[in-house]
Every structure is written in structure tokens, then in C-alpha cells.
Amino acid sequence: MLSGMGGVGKSQLAAHYARTAMGNGELDVLVWVTAGSTATVVAGFAQAGVEVLGVDPSDPEGAALAFLAWLEPKPARQQERPCRWLVVLDDVGDPADLRGWWPPANPYGRTVVTTRRKDAALTGGGRRVIEVDLFTPTQSLTYLTNALAAHDRTEPLEQLAALAAALGHLPLALSQAVAYLVDTGLDTATYRAMLADHTRALADAAPDVLPDGQTHASAAAWDISIDHANTLRPRGLARLLLQLAAFLAPSGIPEVVLTSPPALTHLSRHGEQSGGEVTIEQAVLAIRALHRLSLVQHSPETPHEAVRVHQLVQRAVRDTLTTEQHHHIARTAADAVLDAWPDASIDQAWFANTTALADVARDALYRPDVHEVVTHAGRSLGRGSEITVAREHFLHLTTVTAEYLGRDHPRTLTVQRYLARSQSFVGDAASAAAELAEVLDRAVKILGPDHPDAFATRHDYAFLRATAGDLAGAVSTLSEVVESAVRIFGPDHAKTLAARNNLAWGRGESGDTATAVAEFDQLVIDMARALGSDHAHTLIARANLAWWQGETGDATSAVAALTELVDGLGPNHPNALATRALLARAQGRAGDAVGAAATYAEILKDELRIHGPDHSITQSTRRSLAHWQAQAGDATDG
């Protein structure tokens, strides 16, 4: 049994096998049956009964049964040579269609089945399933080269490789691309550009006359499979779920995206369910229905890339949508990705899905407003090792938002704020601070000084000034941030308390350690009362208080307090790295150069894993490690 998605060449393999067997003299009877339904199977067997046995054609079912009976193994008779037969059941659409119509097992007979189905009902009874996959890149390149050479066409190998990748190495699409190139005279670069234009339908890239006896253009190759999947339980959900998946990464979609609340709401509103809201279990069953029809590959053992969809299947599905449906489903897919995105996750699968979505959603992610998923993706990259990619992401996003919404739109200003932060992470804090100062001026004029977005921009501006070495300017800006926070949020709000924390730290860094200690001392009390003693902000303030107390001369007590905090937080707490960095600094200030170097070495391992080698935080830690390693070496030498 040859199983695989539509277009991988199952029928061609079966035909090649049949021709080879017949040509080698291995067969006496060859029967090819189009097996799309029970009726066509019966008709095919009946025709064989008429031609092989001469039975009455007026009774198709009787003729078909007579043929199957003839295929049964007979008692050996020395004077008769057994008949060698091959039956090909091509493109079985539903295992139920073959109930009672399977050719019998016979040592002198063979049955080959081609199907897109993966149902358990097709296995058993001695049947062996062979998965037919896509071409490998090498096979694709060989096919394109030879197929074009047969028409006296040559193309650069790099262009052919790029075309094969654009077509996802699908044999059907490759053969139709060759036919289109030959018929139209286009070169592969122009054809690829046409494929990349998502405003055009995939059918536009199909030849007028299909090659190799094909009956469907690649754009229509999966319609029957989708119809079948949509009839499986839970009825009416498979098509809707595939439409969502058509906007996401073909390389792998996290299952939690397709079972997230936004996805379930979409399925509930537009599906055929009559029993209330669609559940996670029903959504997973719909994924399995698509898997059974080879429309997706479902691998729950790899949850972040659990669902894979061929890029041309996605393209064909999107081509069936109206403009309104396209916009709505793209926004829904964005909602689903954002909702399912784990807190602080920097896994590449999430960014890959956002990138794929942005590539095919047209203007859906930017109208009526910029969707939060695109900014969230950039911020996640900035937290990880892809800081240069994050900067490029926000550079592009700044241009796009200005084009769609205008240069002074609040969302454009927000994206420009993220761009400045990403620039600072690659070591360009001074330029970033200067650019953000201009953004802040526009935000205050457009939104008002106490608008939450203006507040966030002012806060980031203070951070960039400090990063650039302008400590006095940072303290001045942070004082304004605290005053604004009290007016906007109130004195006990977490954002107000966080702003006070940053101001106190800025005072310490600028040399006013006594004021820093006094402010942190009061801040710890206020945070414990307003937020709780175990709140993340309270723990940060406690660590900062211990550090600045050490800076006033009691470094040993600071080390003890910070060690206690690090042990209490554990390795997986989001504030653990920052607190360990304070501990390392305190160890060094207390004269324990060896301990400081050891702590920084452990921190560097984690930061390389989380942020990568080029992030400004990692580079700062590397410099601190080198310093204290040198100090430890000097102490040992002495």
C-alpha cells in the first residue's frame, strides 16, 4: 500500500511497478481500478470480470463478485499453470469503500493500493504500508534538470534549487512547473517571482495542459481530501482548522496554537457543531482527521512543531478564501499565536510562525491596527540571542507601521520605542537614546505627558541614557517617570514602585549611595505591603538594598543577604540571573575575587544559552568575568 499526500507520485509509482512487472513477463493479468468510491471499485472489477471471464455485463455486482472469486487461490493442478495477476486500486478515498471488496490473498497474485489515507483500517491482513514522501532536494534538482533538458532548456543550478524549495519538493508541482516553463518560455527566476506574489492564485502558475496524464492542477489536488476530512468526526471542523494552519509556519505549528481559546472560539462560531462550544479534544480530533488524509503531519511528541502543513497545501487553501475571510482568519491566527506564546519564551518556533503569518497575511496584521503578535515576536528575539534579527525586525516594522498608520500614530511610536531598545542591545545605546528622545517629544505632544505610552517611552529613555553612561540625565528622567507614575497609576501600583526602584538604583550608580540605601529601605517596606513579600518586584528591591548597603561599607553583609536571596529564588526564577550578578559584584567588592569569578562563570554559561554571545548583557558579564579572573590570578600569584 502506497500512502502519502496528494501530489507525491503514488499513482506514478504504482504505474511504474505495473509496467515493469508486465514488461518482465511476471504477469498474466493486470487490472487497474480507480477506487474513489465503492461504485467505481465495483465497476472496475465488473469490467475485469467481463473481459477476463466473459460474464454477463448486465449484472455489474455479480460480475465483480465473479472476478474476485476467480482471484481466489485454486487447488494445485499439475496440468495447469497458475495465473499471475496484479490488481491496482488507485486513490482509495475511504477505507469503508473497500469493505467486502478486497482482492483475496493469493501466492500468485499481488494487490497495490494508492491512497492519501492513514487510517488503521487500511492495515492488517498482511498488508504493508509504504509512506511515499516528497523528493529530497537532490532528487528535485535532478528531476528539474533532466525534465528541462528534454526540452533543450538549461537553467542555473542555484535557480533550480530555489524553485524546488519554493515548491516544497512536491513531485506534482515540479512536473507542472516544468510544463509551464516550457509552454510559456519563462525562466525559473520569473516563475519563482510569480509564485512569491501572494496576491496571485496558485492556479495561475499551472500549465494550460497538464503533463504526464495528470488530471488535477496542484492547486486542486487536495480538494477531495479536504472534503473527506471535513466529514470525519468532529464533522465540519477539519476545513476550518486547516484554514487557520494555512497562515502559519509549514515547518511546524505548536499544537497549543490550534487549540488555544481564540482558535476554539473561531471553530465554535463557524463550525457545524450543534453541541455547544468546541473543546480542545475536538480540535485535536480535527487535526487527526487532517492527518489521516495526509493533509497535515501530526507529531504530538514534538509539541512546538506538532503540526506540519505543506506550503502548497497552505497556498491552495488560502486561495479559496474571500478577502473578508482572509483578513479574519489571519487576525484569528495572530490572536492564537499570541495567546499560546509562553511567557518569556524565545523558542524559534514561535517567531517562525509569526514570520510566516506576516508573510501571507497581507495587510491583516496592520489594519485596523498593528497586531500585538508582531511586536511581541521582536521583543522575544531581543530577550534571546537574535538581537541583530530583533533590530532588523523592528526596523522593518517601523517602516510598515508608518506606511499603514502614519508616522505619528501611537502604534508607530511604540514600534519606534522597541527599535531603540533593540539598538541598545547591540551596543548602540547613545544613538538609541538620541532617537528615543525624539520619539518621546512626539509622544508627549500627540498623546500627552501622562499617557501610558508616553510614560513607557520616558521610562525606556531613562534606561537608554543610563546604558549610554549619562547617569545624571537618567536620574533626572527617572524622577519625572516616578512623578508621572504616581499621577497615572497611584503610589502603590506595581509600575510606580518599579519606577522608584529604578530611580533609587540610578541614584546609587551616580554616586549618591546614602540616598539609594534610604530609598530602597523604604521601598522594600512599601512593596511588601502593596505587593507582598514574595513578589518579584519586592525581591528585586531586597537584592538592590543589600547591594547598596554593601557599597556603603558592609560588603560582607551584602554577600550574605544576596546569597540568601539567590538560594531562595532557585535557578529558574526570572530574577535569578540579575540577583546572581549582584552577588558576584558583591563578592568581588568584599575581596573574594575567586568567588566573584566563579559566580560570573556560571552566570555566563546561562546567558550564552539564553541571550547568545553578542547580546550586551552577555558581553558585560564576559568583561566582568575577565576582570575578576585577573584579580583572582593576581591574588594567587601574590
Side-chain angles (χ1 to χ4, degrees), residues 2-16 90-91 114-118 130-148 155 157 159-183 186 188 191-198 200-207 209-226 229 242 245-253 290-291 293-298 307-320 356 359-360:
L2 304 177
S3 176
M5 69 176 289
V8 293
K10 303 180 295 298
S11 297
Q12 287 82 352
L13 282 174
H16 175 74
D90 185 41
D91 200 16
T114 71
T115 182
R116 306 179 191 194
R117 302 290 292 253
K118 296 182 180 180
I130 299 174
E131 290 285 344
V132 182
D133 208 346
L134 304 167
F135 278 168
T136 65
T138 300
Q139 290 170 332
S140 295
L141 192 58
T142 300
Y143 173 82
L144 289 174
T145 302
N146 293 339
L148 287 170
E155 294 276 352
L157 291 180
Q159 288 291 343
L160 294 180
L163 175 60
L167 294 171
H169 306 287
L170 183 69
L172 177 71
L174 293 172
S175 67
Q176 293 183 8
V178 169
Y180 191 96
L181 291 172
V182 171
D183 289 349
L186 289 180
T188 53
Y191 185 77
R192 252 191 331 119
M194 184 171 65
L195 284 174
D197 183 357
H198 292 295
R200 303 182 66 165
L202 186 59
D204 294 341
V209 180
L210 300 179
D212 306 324
Q214 296 165 8
T215 57
H216 296 290
S218 58
W222 305 283
D223 286 349
I224 295 174
S225 296
I226 296 172
L242 185 59
F247 285 84
L248 299 170
S251 58
I253 305 166
L290 294 167
H291 176 81
L293 269 298
S294 300
L295 289 163
V296 309
Q297 292 181 0
H298 183 218
V307 180
R308 296 174 183 266
V309 194
H310 193 277
Q311 62 213 59
L312 294 187
V313 174
Q314 293 180 309
R315 179 73 172 270
V317 169
R318 293 195 304 270
D319 285 349
T320 66
D359 186 45
V360 301

Problem set entry | From L312 atom CG to L195 atom CG, the distance as rounded to the nearest 0.5 Å | 7.5 Å
Exercise. Sub-3.5 Å donor-acceptor pair from the side chain of Q311 to the main-chain atoms of A165, do we have one?
Worked result: yes
Exercise. Parallel, tilted or perpendicular for Y180 and Y191, by the 30°/60° rule?
Worked result: tilted
For this session: Determine, stepwise, if the pair V296 / I253 fulfils side chain to side chain contact (heavy atoms under 4.5 Å, CB included).
Result: CA-CA 10 Å; V296 309; I253 305 166; over 6 Å; no
Exercise. Between W222 and M5, what is the shortest heavy-atom contact and its length?
Worked result: NE1-CE, 3.5 Å
Problem set entry | Least distance between heavy atoms, H169 atom then T136 atom | ND1-O, 4.1 Å
Exercise. Is the side chain of T114 donor-acceptor paired with the backbone N or O of D91 at a distance under 3.5 Å, no angle test?
Worked result: yes
Exercise. Going through the checks in order, is the side chain to side chain contact (heavy atoms under 4.5 Å, CB included) test met by V307 and Q297?
Worked result: CA-CA 6 Å; V307 180; Q297 292 181 0; over 6 Å; no
Exercise. Between the main-chain N or O of E131 and the side-chain N or O of K10, is there a donor-acceptor pair closer than 3.5 Å?
Worked result: no
Exercise. Can any side-chain N or O of R318 pair as donor or acceptor with the backbone N or O of A246 at less than 3.5 Å?
Worked result: yes
Seminar exercise, completed: In short, A203 meets D319 closest at the heavy-atom pair N-OD2, 4.4 Å
For this session: Hey, could you give me the OG/OH distance between S175 and Y143, rounded to the nearest 0.5 Å?
Result: 4.5 Å
For this session: For S11, enumerate each residue passing the side-chain hydrogen bond (donor to acceptor under 3.5 Å, both in side chains) test, keeping only those at least two apart in sequence or located in another chain.
Result: D90
Exercise. Is a side-chain N or O of H291 found less than 3.5 angstrom from the main chain of H298, in a donor-acceptor match?
Worked result: yes
Exercise. In Å, rounded to the nearest 0.5 Å, how long is the span from CD of Q176 to CG of D183?
Worked result: 11.0 Å
Exercise. What distance do L160 atom CG and T188 atom OG1 have between them, rounded to the nearest 0.5 Å?
Worked result: 5.5 Å
Exercise. So do the side chains of V8 and L134 get within less than 4.5 Å of each other, counting heavy atoms only?
Worked result: yes
Problem set entry | Heavy-atom side-chain contact between V360 and R315 under 4.5 Å | no
For this session: Look only at the side chain of R116 and the backbone of G4, and say whether a donor-acceptor pair between them is shorter than 3.5 Å.
Result: no
Exercise. Hey, what do you get for NE2 (H310) to CG (L167), rounding to the nearest 0.5 Å?
Worked result: 8.0 Å
For this session: Could you tell me whether the side chain of L181 reaches within less than 4.5 Å of the side chain of L163, counting heavy atoms only?
Result: yes
Exercise. CG/L141 to OG1/T145 distance, rounded to the nearest 0.5 angstrom?
Worked result: 4.5 Å
Problem set entry | Side-chain touch V309/L295, heavy atoms, less than 4.5 angstrom | no
For this session: For L293 and R117, work out which heavy atoms get closest and say how close.
Result: CD1-CD, 3.2 Å
For this session: Heavy atoms only: give me the nearest Q314-A249 pair and the separation to one decimal.
Result: NE2-C, 4.2 Å
